[in-house]
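This report concerns only the one structure given below.
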There are 2 protein chains.
Amino acid sequence: MTERTPSEASRDIPEATVARLPVYLRALTGLSEAGTATCSSEDLATAAGVNSAKLRKDLSYLGSYGTRGVGYDVEYLRYQIAREIGVTQDWPVVIVGIGNLGHALANFSGFRSRGFRVVALLDADPRRHQEVVAGVDVRPFSDLEAIVHEHGVAIGVISTPAPAAQDVADHMVAAGIRSILNFAPTVLAVPPGVDVRKVDLSIELQILAYHEQRKALGAAGVAAASEGALEGRPA
Amino acid sequence: MTERTPSEASRDIPEATVARLPVYLRALTGLSEAGTATCSSEDLATAAGVNSAKLRKDLSYLGSYGTRGVGYDVEYLRYQIAREIGVTQDWPVVIVGIGNLGHALANFSGFRSRGFRVVALLDADPRRHQEVVAGVDVRPFSDLEAIVHEHGVAIGVISTPAPAAQDVADHMVAAGIRSILNFAPTVLAVPPGVDVRKVDLSIELQILAYHEQRKALGAAGVAAASEGALEGRPA
DNA sequence: CTCGGTTTGTTCTCGCGTTCACAAACTCCT
DNA sequence: AGGAGTTTGTGAACGCGAGAACAAACCGAG
């Protein structure tokens with residue numbers, strides 16, 4: 001996207017690899033909790049649900065943290081990946097839109113345990129300002145800028161209804177937030193330099209529906225037309 | 001993945017295109033509600049947040065539904081995409097795990113309006129069996145197979161804690177479900193022929209954190225080292 | 001010290017997805 | 001009717017990611 005200066009550390013890591021690093025991190029945490037001190041790329045790959053060649057290639061972008069003939073030290077690799085992702089320190093996060101989904105997000109324990117700290121919950125509806133969710137009180141949306149500056153918030157989560165999302169995003173960007181996780185089913189327009197990641201429940205379901213329909217049509221087609229490829233499907 | 005018989009309709013559509021079709025569908029719905037009868041690929045592309053070349057190529061996999069020199073009929077294209085995805089009919093869906101996230105999913109209106117119908121909410125915890133969420137009463141997890149057969153459920157949603165997810169998935173597969181949307185932060189193992197899509201909140205945040213860290217390091221690196229590439233970033 | 005076994009890190013090849021660029025086709029105006 | 005202006009659909013080039021295969025490096029036994 002933008003040119004990077006390959007200054008010292010942190011060479012260019014492919015986007016596809018970046019998206020898998022958190023998966024490896026979680027798998028390593030699981031191995032660590034199970035008492036494993038060392039693991040091979042094969043072990044870690046199966047725990048992460050990828051094949052070992054891809055895993056080794058991904059890790060090679062970070063550096064040579066393994067030992068040939070032995071494998072990887074679980075704790076050491078875990079720390080290196082966490083450092084590369086940037087979750088060795090805590091990231092302050094604000095959540096805007098405390099409806100059903102906002103409640104769920106605020107109560108989600110996975111944030112806290114994985115390097116994120118919810119410092120504020122915001123909602124435009126005054127009726128929600130009396131609520132306290134997960135130990136944090138809901139404050140007016142107009143407090144956004146003050147909170148961002150006070151806590152140095154760099155990441156914002158949008159869980160509002162779709163019509164409000166663009167406005168919320170604009171205010172977030174104006175307040176200095178440069179990374180947005182958007183749960184509202186809308187395409188957000190943001191200036192360059194701001195990252196947006198979208199999580200869209202109905203889109204995921206529709207993708208499943210497409211494949212489901214294909215399976216149904218494929219079965220019917222195989223039955224109706226000539227013999228096709230069979231899928232082995234255990235009970 | 002598996003061989004398909006290119007029997008009659010529904011040629012092979014690339015996975016990347018399939019993932020974008022729901023976005024186009026939503027953009028078309030927006031245009032339709034705004035009273036637009038016809039749109040160019042440029043219009044639809046900006047509404048969907050992609051460039052027009054990609055949009056046209058994507059649509060070309062479905063067929064030639066546009067008119068050169070004119071554009072696309074919004075309603076017609078909308079129906080064609082909906083038919084291709086398979087959301088012209090309703091898909092019955094079960095949600096397992098009615099915690100915070102399960103509540104939010106059950107109440108999410110976007111499912112209903114986009115071709116999905118929540119036919120059952122299941123939870124292993126007997127204390128939740130008295131609840132009624134979004135007009136549907138929570139039933140024991142052991143009812144899964146009966147419900148799947150009764151309603152012909154093909155899509156299951158898992159919103160349980162991570163340790164329970166694999167067991168739930170196993171029961172879903174055993175009951176005949178072949179498409180799973182997994183919100184639990186775990187890698188699911190399923191037999192071939194079963195599609196799993198994963199939505200992982202903390203992974204998304206970690207990806208944002210990585211880029212955020214890069215931005216911070218990049219700015220510091222540019223300041224410390226020699227002059228690098230500047231990013232134009234409006235206020 | 002040497003040799004066999006094991007596992008990483010890397011190179012190479014292949015296929016998919018994105019983007020560009022342009023011909024084909026349609027409308028509208030004269 | 002004809003030509004200018006638009007817009008679609010697609011062929012071709014290009015870059016990225018996945019997977020296979022192998023050389024380099026490490027451990028341990030004898």
Side-chain angles (χ1 to χ4, degrees), chain A residues 1-4 6 11-24 27-28 31 36-74 76-78 80-81 84 207 210-211, chain B residues 1-4 6 11-24 27-28 31 36-74 76-78 80-81 84 207 210-211:
Chain A
M1 208 162 275
T2 55
E3 288 275 335
R4 304 277 182 193
R11 357 173 174 19
D12 248 21
I13 298 183
E15 193 56 35
T17 297
V18 171
R20 282 187 294 266
L21 289 181
V23 181
Y24 303 154
L28 284 167
L31 289 175
T36 312
T38 296
C39 70
S40 69
S41 65
E42 200 70 45
D43 298 336
L44 185 51
T46 53
V50 301
N51 73 20
S52 62
K54 179 151 46 178
L55 171 74
R56 286 199 302 276
K57 180 164 246 196
D58 284 341
L59 294 185
S60 75
Y61 291 115
L62 312 189
S64 294
Y65 294 136
T67 308
R68 301 179 188 217
V70 178
Y72 300 94
D73 181 283
V74 171
Y76 181 59
L77 183 59
R78 203 175 84 85
Q80 292 299 338
I81 294 181
E84 188 72 40
I207 296 172
Y210 170 81
H211 291 297
Chain B
M1 211 161 272
T2 55
E3 288 276 333
R4 304 275 182 193
R11 351 163 181 31
D12 247 22
I13 298 183
E15 193 55 35
T17 297
V18 171
R20 283 187 294 266
L21 290 181
V23 181
Y24 303 153
L28 284 166
L31 289 174
T36 312
T38 296
C39 70
S40 69
S41 66
E42 200 70 44
D43 297 337
L44 184 53
T46 54
V50 300
N51 71 21
S52 60
K54 180 152 42 177
L55 172 74
R56 286 200 301 276
K57 181 147 248 191
D58 284 341
L59 294 184
S60 76
Y61 291 114
L62 311 189
S64 294
Y65 294 136
T67 308
R68 300 179 188 216
V70 178
Y72 300 94
D73 182 285
V74 172
Y76 181 60
L77 183 58
R78 200 174 86 85
Q80 292 299 339
I81 293 181
E84 189 72 40
I207 296 172
Y210 170 80
H211 291 297

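Quick note on labels: first sequence line is chain A, next is B, and so on, each numbered from 1. What's counted below: heavy atoms across the whole structure, side chains too, no hydrogens, waters or symmetry copies.
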Between the protein and nucleotides 22-25 of chain C, which nitrogen or oxygen pairs come in under 3.5 angstrom?
unit_1 : atom_1 : unit_2  : atom_2 : d
C:dA24 : N3     : B:Arg68 : NH1    : 2.9

Below 3.5 Å between N/O atoms, which protein atoms pair up with nucleotides 15-18 of chain D? Just atom names and distances, please.
unit_1 : atom_1 : unit_2  : atom_2 : d
D:dA18 : OP1    : A:Arg20 : NH1    : 2.8
D:dA18 : OP2    : A:Arg20 : NH2    : 3.0

Distances for protein N or O near nucleotides 28-30 of chain D N or O, under 3.5 Å:
none

Can you check nucleotides 28-30 of chain C for protein contacts, nitrogen or oxygen pairs under 3.5 Å, and list what you find?
none

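When rounded to the nearest whole Å, the span between CD of A:Glu42 and P of C:dT6 equals 14 Å. In this structure, A:Leu55 atom CG and C:dT10 atom P are separated by 14 Å, rounded to whole Å. Rounded to a whole Å, the CG atom of B:Leu62 is 14 Å from the C1' atom of D:dT8. Whole-Å rounding puts the A:Gln80 CD to C:dT8 P distance at 17 Å. Nucleotide D:dT6 holds its P atom 18 Å from the OH atom of B:Tyr72, rounded to whole Å. Protein atom CG of A:Leu44 is 15 Å distant from nucleotide atom C1' of C:dG9, rounded to whole Å.
The side chain to side chain contact (heavy atoms under 4.5 Å, CB included) test applied to B:Tyr65 returns B:Leu62, B:Tyr76, B:Leu77, B:Gln80, B:Arg83, not counting sequence neighbours.
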Dot-bracket encoding per residue of DNA chain C, Watson-Crick/G-U cut-off under 3.5 Å, | denoting interstrand: ||||||||||||||||||||||||||||||

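Using a 4.0 Å cut-off, some side-chain N or O of B:Ser41 falls inside it from OP1 or OP2 of D:dT8.
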